[in-house]
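Below you'll find the structure, written out as structure tokens, and then a few comments.
For ligands, and for the atoms within them, numbers begin at 1 and follow the listed sequence. Bear in mind the structure is a predicted one, so any value in this text is a computation, not a measurement.
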Amino acid sequence: MRYRSIALLSYFLTLHGAAAQSAAAIAYAPTLQPCPVGTTLVREVGVDAHTQPLSFHEADYVSERRSRILPGAWAKYLRNVQANIPAVLPQYVDAILLGSFGKDAFPTLGIATSGGGHRAAIFGAGVLNALDGRNKTSVRAGTGGLLQTATYLSGLSGGSWLVASLAQADFPPLPDLVFGPADADGRGFGGWITQIDVLQPGDAIVTAAFVGELIEEVALKRAAGFPLTITDVWGRALARHFVNGTTASDLLDPALPHGAGTTMSSIANVSTFAARTQPFPIFVTDSLTSRTQGAVVTEPGNAVPLNSPIYEFNVFEMGSFDPMLGAFTPTKFLGSPNESVCATGFDQVSFIEGMSSDLFNEFNVSADALAASSIGPIITALQTLFSQAGIRLDAAEVPNPFFGVSSATFPDSDQKLLALVDGGEDGEVTPFQPLLVKARGVDTVVAIDAVRDLPADTVENWTNGSSLIATQHRIGLFPSSYSFPPVPSSATTFVAKNLTRRPTFFGCNSPPSRGDPLVIYLANGGPPLGEPPLTNTSTSQLQYPPEQVQAMLNEVFDIATQGIPIRTHGAEAKDPLWPACLACAVVDRSRRALGIARSGVCNTCLERYCWS
Ligand SMILES: *[C@@H]1O[C@H](CO)[C@@H](O)[C@H](O)[C@H]1NC(C)=O
Ligand SMILES: *[C@@H]1O[C@H](CO)[C@@H](O)[C@H](O)[C@H]1NC(C)=O
Ligand SMILES: *[C@@H]1O[C@H](CO)[C@@H](O)[C@H](O)[C@H]1NC(C)=O
Ligand SMILES: *[C@@H]1O[C@H](CO)[C@@H](O)[C@H](O)[C@H]1NC(C)=O
Ligand SMILES: *[C@@H]1O[C@H](CO)[C@@H](O)[C@H](O)[C@H]1NC(C)=O
Ligand SMILES: *[C@@H]1O[C@H](CO)[C@@H](O)[C@H](O)[C@H]1NC(C)=O
Ligand SMILES: *[C@@H]1O[C@H](CO)[C@@H](O)[C@H](O)[C@H]1NC(C)=O
Ligand SMILES: *[C@@H]1O[C@H](CO)[C@@H](O)[C@H](O)[C@H]1NC(C)=O
Ligand SMILES: *[C@@H]1O[C@H](CO)[C@@H](O)[C@H](O)[C@H]1NC(C)=O
């Protein structure tokens, strides 16, 4: 995108002026105050994956969810499966999910929703909708209710827009999240408003005013002494779509806060979070480290080495379980200078969505390339306003809470600032990392892979399995920290064996000693049976008419509910046993732990869906 005139933009910037303090600017600027007595800003968890503890608050969330919410959720899911399959599940499936072996035998399920811009957000929403027990069509398909049983929901990049908007909007049904509820009033969540382009909401004049407004909103953060980057501005644009406080009719209203002030830590007070009825949300970013530890191991074509620390953000903490760091800081005090003076309001949801989807460093090969990218006009505006005053234009900056920590192994221990970027830049577009943390005990992962960005895996913008291969490679670098099931070592095999075009289970026959979860892989590898391709849209598309989104959601529903199509007399149809097979996979680790043999339809199912 291009402005006809930078002068026009400068005019708007002067008109509004960085000194003007809009409601959004005030709500966006972090503030400093004395830390509460007894505050510690670093929680070191050590390097041994088998003894790293979760935060008290997360452990409490998960334990309450397991005892109060999951028994009902698993029972409901089981009923939905039983009522919609032409078979009888083995008795052990019922017994495990009805709690006959106690709540500790329930599966610990994590769902990972990938990056890939709007395409990924929509694809992920379509899968979550197909698993949502509140949607009667999903219940009739025998897959509804699984979403409600998940303990964790992780997201990165486009997937972080989905997971963050969902968590902060109080976990509405997916169609309400995407299209906004009928009674949206501008204070609650108004939907993704996909019909309005994220960076270019109108003609040149409208867009120039809009960009001016975004920059005005972040200016006070810098004035308050915090680092300001392109990611703040990008996040404020995303906020209009993926944070509470905007409807289609007021998106351009400069008087509204548009989600400024909505922090990650404040999600603790959202009612479904407080009641433990939503899965625990986790967001992933990669880091651009200041130095490397040993050899740099980068997947071909990726910007971030696999041995750089991966950070996670959750409602309570930000940090990394990676063995080179093993430390966390309270999310609500992110940005704090020291343990006497605490910052609050730094952990804005919009900023975290922006960091998790910041690919701008990939354009940072020359000043011209950066200026020519989609974010170019904002860069020009930032430079106009702040006249090059040391603003990083390619990554997010976060005051390093781990300064001086793990100095022998942590490559940024001597840095005042962390430089954080899109969570998929190491090639792992599906956010497995938080779900592989031993302390979380996740034994089953539904992995949604909606195709990486820039470039996509295949020329026609379908996935080729490269994300799972990257995760397999990273896990190989940290063998005592993480375990991952064997997956094919080449994308050619993924594609040739159709593993990206049908649900595939990985790790079915792993020995317990391997410690890996069973992975249920749902990829955007091709259109569903007999339908035209609608879900391989280009990543650079930042605007979608609602009809297109609905058509994509409907198609993803079929992708998530068809299983491996059955061929009879030359015609193909959805696999009627798919819901049973999904349930068999979901309980399989619990079954194994109880020492029960796989039997009945679960035998047939796992033979059919497992990659050997
Ligand atoms: C966002 O709005 C929804 C209503 O649409 C509300 O339930 C929720 O609490 C709000 N979230 C925050 C963080 O204020
Ligand atoms: C939750 O709400 C209470 C009462 O309004 C407030 O005191 C507390 O700071 C809030 N917690 C967070 C994490 O925002
Ligand atoms: C903590 O940070 C504040 C604000 O930057 C500074 O004024 C103060 O001197 C620092 N205190 C200590 C003990 O370092
Ligand atoms: C480009 O990357 C370099 C090296 O990481 C960094 O120092 C520089 O600030 C980046 N340039 C911009 C304009 O952000
Ligand atoms: C698969 O995708 C990756 C990452 O986009 C790419 O580097 C690789 O060449 C692709 N491989 C095949 C066989 O298509
Ligand atoms: C989507 O896939 C179809 C068939 O594979 C292809 O013809 C089309 O060009 C692709 N669209 C995009 C935007 O990549
Ligand atoms: C992959 O799917 C295509 C299209 O449905 C089919 O023609 C082909 O036989 C499948 N290949 C394998 C190895 O299953
Ligand atoms: C795939 O997406 C890229 C941009 O993300 C686009 O340039 C390309 O044309 C698309 N491929 C096809 C076949 O449409
Ligand atoms: C359930 O999902 C289907 C498939 O996407 C959709 O057409 C329908 O509107 C959804 N129903 C509700 C009540 O959300």
Note to self: Below 4.0 angstrom, counting only protein heavy atoms, does anything approach atom 14 (O) of ligand 5?
What the structure shows: yes
Item checked: Sub-4.0 Å protein heavy atom next to atom 11 (N) of ligand 5 -> yes
For the pair [X] and [Y], name the ring-plane relationship: parallel under 30°, tilted 30 to 60°, perpendicular over 60°.
X: Phe410; Y: Phe402; value: perpendicular
X: Phe432; Y: Phe484; value: perpendicular
X: Phe494; Y: Phe506; value: tilted

Next item on the list: Identify whether the distance between the nearest side-chain nitrogen and carboxylate oxygen of Asp422 and Arg452 falls below 4.0 Å.
Entry: no
Check: Could a heavy atom of Thr458 be found less than 4.0 Å from some atom of ligand 5?
Finding: no
Notebook entry, point to check: Quick check: does Asn244 get an N/O under 3.5 Å from an N/O on ligand 1?
Noted result: yes
Check: Has ligand 1 got any nitrogen or oxygen that is less than 3.5 angstrom from a nitrogen or oxygen of Gln168?
Finding: yes
Check: Heavy atom under 4.0 Å from ligand 5: found in Asp457's side chain, backbone, both, or neither?
Finding: both
Next item on the list: Please report which non-hydrogen protein atom sits nearest to atom 5 (O) of ligand 1, along with the residue it belongs to and the distance in Å to one decimal place.
Entry: Phe189 N, 3.0 Å
Item checked: Nearest-neighbour protein heavy atom for atom 2 (O) of ligand 5, which is reported as residue plus atom name and distance -> Asn464 ND2, 2.5 Å
Item checked: Atom indices of ligand 1, in the order listed, that fall short of 4.0 Å to a heavy atom of Gly188 -> 2 (O), 4 (C), 5 (O)
Check: What atoms of ligand 1 come closer than 4.0 angstrom to any heavy atom of Asp170?
Finding: 7 (O)
Checklist line | Leu477 side chain reached by Val297 side chain, heavy atoms, under 4.5 Å | finding: yes
Note to self: Please work out, at 4.0 Å between heavy atoms, whether the side chain, the backbone, both, or neither of Leu393 comes within that distance of ligand 4.
What the structure shows: both
